[in-house]
Amino acid sequence: MTVRVRIAPSPTGNLHIGTARTALFNWLFARHHGGEFILRMEDTDRERSRPEFAENIISGLKWLGLDWDIGPIWQTQRLHRYQEVIAQLLAQGFAYRSYETEEELEAMRAAQEAQKLAPRYNNQHRHLTSEQEAAFQAQGRKPVIRFKIDDEREIVWHDLIRGEMRWRGADLGGDMVIARADGQPLYNFAVVVDDVDMQITHVIRGEDHLANTAKQILIYEALGAPMPAFAHTPLILNSEGRKLSKRDGVTSISEFRQMGYVAPALVNYMALLGWSPPEGKELLTLPEMVPLFSLERVNKAGSKFDWDKLNWINSHYLHQMSPAQLVAELVPFWQEAGYAVEPERDQPWLEQVAALIGPSLVTLKDGVALARFYMTEQVSYDDEATAQLQQPQSQEILRQFLATSDPQRVEEAQALVQTVMQTCGVKKVQVMKTLRAALMGTLQGPDLLQSWLILARRGFVQPRLQAALSLTQA
RNA sequence: GCCCCCAUCGUCUAGUGGUCUAGGACACCUCCCUUUCACGGAGGUAACAGGGAUUCGAAUUCCCUUGGGGGUACCA
């Protein structure tokens, strides 16, 4: 039997990292088994679903490299199908019409709460006579459809991650609503109809769905449909150990992207949140993970999201990139920062910059601050740099450099430093520090000689030496 | 309240009764490289929640306690 899995996001928000991780596990599972991966949009919540969220989810999955074989399928386009199944369940006696008003249900819950009982529907409309129904209808009440849940029933399944799971029907909250009065199907019902119709073989989702699975199994049975295998993954937790939610700051894939995280790093990190590769090799690309992935190696405990590790992985992928690749990734960030970069014209020069700052990058965004020194003619001088320029020999050192032409190659730069050292009779460190202060405005940063060459090609060396000279003391 | 799940270094984890004086990775600390900051390299600190039981033997099995989490909708 061909493996078929799906990711079923609800377009009520941007692509969340938890959803993305579930998508990743499903994708890996499908690819590992040579199966199919389906994208299905669960947009039955008309009030909260929005097209821009759907767009965000789709582009996010694409960016991550989690391509799907079928879809996107939209639940709202399958309404007639849900209606059909509801009619069937009604006819077979698995479901019935329930006429309570919101207020009545709230009162029921309040009463139960007052008695310290678990809130649940008391199934009071399960056996309405046709006269009673007619009476409610005469009052203008519109019924929701409820699916019968037998209190005595015990639901058992073998979870691929958690082992044997058991639920009592009585703990499921009474007969559940599967469709609103206007015919809109509800999640637990629509999911099953879809998964059955799409012949889903494995349902891999977060453990927050555990109770839903018990309810859904009952619907599979009523439908006489084959049961898929279930696998409930651990949740991604925030630093407090709670389920990561939008309130925890950055959680959507598009935000990570804007912050300068690259897709291979994000995907690699997400995989490590709950799954561990057999050989212990942690740095893996999507294709490398495919043959290694299995649900057996997915952990049961939730995992806290750790920025340090994500940063390390991201920097790893950034450090691996060629200068040309880096430029391609960096340009959008540079342009957004307002730097006048023109890839066509400046490519070789931009690659020099990228090669120089590459090892210092943790995120692409870091490239904005790190490249600033090379992008504008003037720099500001920090306290340390100013102090260095006010050293006794600094003025003479700068005059020497101003008297020569800018170096074109490293060897020339080295030779110039040597010459200035000897002429001024100072140590190399002094020359280097002074030159760095003058050129960069700070005493820390990438390789000085390389920086010098890069600035020279832009014609920024002389103006900066002049500016620095004015800060020196005779 | 009720139901369910989970529990190894600060964090992510390896570990499926003996090879565990518990391994790796991130972070942290030290050292090396070096004109600085990074990068890179070499070391180091650091964990089986507690209590019972089973067993010749338990991080690994069972029970209880504790702690944490999830769910409990006419959301998904």
Side-chain angles (χ1 to χ4, degrees), chain A residues 8-13 19 42-45 47-49 75 98 100-102 105 109 112-113 115-121 142-146 159 162 165-168 170-173 176-182 184-188 190-191 205-212 214 232 234-235 237 239-243 269 272-283 296-297 299-313 315 319 357-362 366 370 384 388 417 427-437 440 442-449:
Chain A
S10 164
T12 52
T19 309
E42 311 232 320
D43 56 344
T44 52
D45 186 341
E47 292 186 5
R48 298 192 302 148
S49 294
Q75 284 192 324
S98 181
E100 291 87 356
T101 60
E102 291 276 4
L105 290 174
R109 276 191 284 270
Q112 287 160 341
E113 206 170 317
Q115 294 176 66
K116 297 211 167 196
L117 292 171
R120 72 194 310 275
Y121 176 62
K142 299 280 188 231
V144 298
I145 308 300
R146 282 186 188 271
D159 194 281
R162 271 148 224 284
M165 301 289 305
R166 309 184 90 92
W167 285 78
R168 279 182 300 278
D171 294 326
L172 260 21
M176 65 168 156
V177 177
I178 57 174
R180 290 174 161 146
D182 63 2
Q184 283 288 314
L186 260 24
Y187 171 74
N188 278 123
V191 171
R205 61 189 8 166
E207 69 168 318
D208 47 346
H209 282 281
L210 243 17
N212 288 333
H232 291 89
L235 265 20
L237 278 17
S239 54
E240 267 80 56
R242 294 174 193 282
K243 180 165 98 166
Y269 179 63
L272 262 21
L273 246 27
W275 174 71
S276 61
E279 301 297 323
K281 187 189 171 218
E282 295 192 317
L283 265 3
E296 280 152 38
R297 295 194 66 84
N299 214 66
K300 286 197 275 247
S303 33
K304 286 187 190 169
F305 184 89
D306 180 17
W307 285 99
D308 282 333
K309 187 123 184 185
L310 204 216
N311 283 337
W312 175 72
I313 291 178
S315 59
H319 298 346
I357 66 172
S360 303
L361 296 175
V362 173
D366 294 340
L370 287 166
E384 265 191 327
Q388 177 61 33
V417 171
K427 289 185 176 177
K428 188 183 178 190
V429 186
Q430 280 308 311
V431 178
M432 295 299 274
K433 282 177 81 172
T434 303
L435 184 58
R436 180 179 287 282
M440 309 299 281
T442 174
L443 258 29
Q444 308 178 344
D447 185 88
L448 179 56
L449 300 185

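With both ends at atom P, the span from B:U11 to B:G68 equals 14 Å, rounded to whole Å. For the C1' atom pair drawn from B:G44 and B:G51, the interatomic distance equals 34 Å after rounding to whole Å. Here the separation of B:C64 from B:C56, taken at their C1' atoms, is 26 Å to the nearest Å. Across B:C33 and B:G43, the matching C1' atoms stand 15 Å from one another, rounded to whole Å. Comparing B:C9 with B:A25, their C1' atoms are spaced 12 Å from each other, to the whole Å. Taking atom C1' on both nucleotides, B:A22 is separated from B:A47 by 9 Å, rounded to a whole Å. The P atoms of B:A49 and B:C2 are separated by 27 Å, rounded to the nearest whole Å. Across the P atoms, B:U61 and B:G1 are found 29 Å apart, a figure rounded to whole Å.
For B:U60, there is no paired base (Watson-Crick or G-U wobble, both distances below 3.5 Å). With a cut-off of 3.5 Å on both pairing distances, B:C37 has no Watson-Crick or G-U wobble partner at all. The partner of B:U72 is B:G1, judged by Watson-Crick or G-U wobble contacts that both fall below 3.5 Å. With a cut-off of 3.5 Å on both Watson-Crick or G-U wobble distances, the partner of B:G17 is given as none. Summarising the base pairing, B:A25 is matched to B:U11 through a Watson-Crick or G-U wobble pair whose two defining distances lie under 3.5 Å.
Within the 4.0 angstrom heavy-atom criterion, no nucleotide atom of any strand lies near A:Met440. Using a 4.0 Å heavy-atom distance criterion, A:Arg120 is classed as making no nucleic acid contact. Nucleic acid contact for A:Gly274: sugar-phosphate only, since backbone atoms but no base atoms lie under 4.0 Å from a heavy atom of the residue. Residue contacts for A:Arg242: at a heavy-atom cut-off of 4.0 Å it reaches the sugar-phosphate backbone alone, with no base atom in range. Residue A:Gly445 is classed as a base contact, given a heavy-atom separation below 4.0 Å to a base. Counting non-hydrogen atoms under 4.0 angstrom, A:Lys116 reaches the backbone sugars and phosphates but no base. Looking at heavy-atom distances under 4.0 Å, A:Arg297 makes contact with sugar-phosphate atoms alone, never a base. At a threshold of 4.0 angstrom between heavy atoms, the contacts of A:Asn299 are confined to the sugar-phosphate backbone, with no base atom among them. Residue contacts shown for A:Asp182 are absent, as no nucleic acid heavy atom lies under 4.0 Å away. Using a 4.0 Å heavy-atom cutoff across all strands shown, A:Leu272 reaches sugar-phosphate atoms only and no base atom. As judged by a 4.0 angstrom heavy-atom cut-off over every strand, A:Thr44 is placed among residues touching the sugar-phosphate backbone only. Looking at heavy-atom distances under 4.0 Å, A:Pro446 makes contact with a base. At a threshold of 4.0 angstrom between heavy atoms, the contacts of A:Leu105 include nucleobase atoms, whether or not backbone atoms are also involved. Residue contacts shown for A:Thr12 are absent, as no nucleic acid heavy atom lies under 4.0 Å away.
For the atom pair CG (A:Leu361) and CG (A:Leu370), the distance works out to 6.0 Å, reported to the nearest 0.5 Å. Atoms CD and CD, on A:Glu100 and A:Glu102 in that order, are 11.0 Å from each other to the nearest 0.5 Å. Distance check: A:Ser303 OG to A:Lys309 NZ gives 11.5 Å after rounding to the nearest 0.5 Å. Interatomic distance, NZ of A:Lys304 versus CD of A:Glu240, reported as 8.5 Å (0.5 Å rounding).
At B:U35, one or more side-chain N or O atoms of A:Lys428 fall inside 4.0 Å of OP1 or OP2 (strictly under the cut-off).
In the set B:G71, B:A7, B:G24, B:G24 carries the atom at the smallest distance from any side-chain atom of A:Glu282. For A:Lys300, the listed nucleotide lying nearest its side chain is B:C6; candidates were B:U13, B:C4, B:C6. Of the candidate nucleotides B:U35, B:C74, B:C5, B:U35 has the atom lying nearest to any side-chain atom of A:Leu449. In the set B:C37, B:C26, B:G70, the nucleotide with an atom closest to the side chain of A:Asp208 is B:G70. Distance from the side chain of A:Lys304 is smallest to B:U11 among B:C74, B:U11, B:C2. For A:Val177, the side-chain atoms get nearest to B:C74 when compared with the rest of B:C2, B:C3, B:C74. Checking B:U72, B:C6, B:C12 against every side-chain atom of A:Ala301, the shortest atom distance belongs to B:C6. Of the candidates B:C5, B:C2, B:U13, B:U13 carries the atom nearest the A:Ser303 side chain, counting heavy atoms from C-beta on. Comparing B:U35, B:C6, B:A27 against the side chain of A:Arg162 picks out B:C6 as the nearest. Candidate nucleotides B:C2, B:U35, B:C75 were compared by shortest atom distance to the side chain of A:Asp171, and B:C2 ranks first.
Going from atom CG of A:Leu237 over to atom C1' of B:G68 covers 9 Å, rounded to whole Å. With rounding to whole Å, A:Asn311 atom CG is found 18 Å from B:U11 atom P. Residue A:Lys243 contributes atom NZ, which lies 17 Å from atom P of B:C6 at whole-angstrom precision. When rounded to the nearest whole Å, the span between CD1 of A:Ile313 and P of B:U13 equals 12 Å. One atom, CG of A:Leu283, and another, C1' of B:G24, lie 13 Å apart when rounded to the nearest Å. As a whole-Å value, the separation of A:Lys281 NZ from B:C26 C1' is 17 Å. Summarising the geometry, the separation between CG on A:Asn212 and C1' on B:C3 is reported as 13 Å, rounded to the nearest angstrom. Residue A:Trp307 contributes atom CH2, which lies 18 Å from atom C1' of B:G10 at whole-angstrom precision.
One N or O on the side chain of A:His319 and one on the backbone of A:Gly358 form a donor-acceptor pair closer than 3.5 Å. Of the possible polar contacts, none joining the A:Asp366 side chain to the A:Ser360 backbone as a donor-acceptor pair under 3.5 Å is found. Not a single donor-acceptor pair under 3.5 Å links the side chain of A:Tyr269 to the backbone N or O of A:Asn311.
The aromatic ring of A:His209 sits over the base of B:A76, with ring centres less than 5.5 Å apart and planes inclined by under 30°.
Side chains of A:Tyr187 and A:Ser10: no donor on one and acceptor on the other come within 3.5 Å.
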Between A:Met176 and A:Arg146, does a side chain to side chain contact (heavy atoms under 4.5 Å, CB included) hold up when you go through it step by step? CA-CA 5 Å; A:Met176 65 168 156; A:Arg146 282 186 188 271; 5.8 Å; no
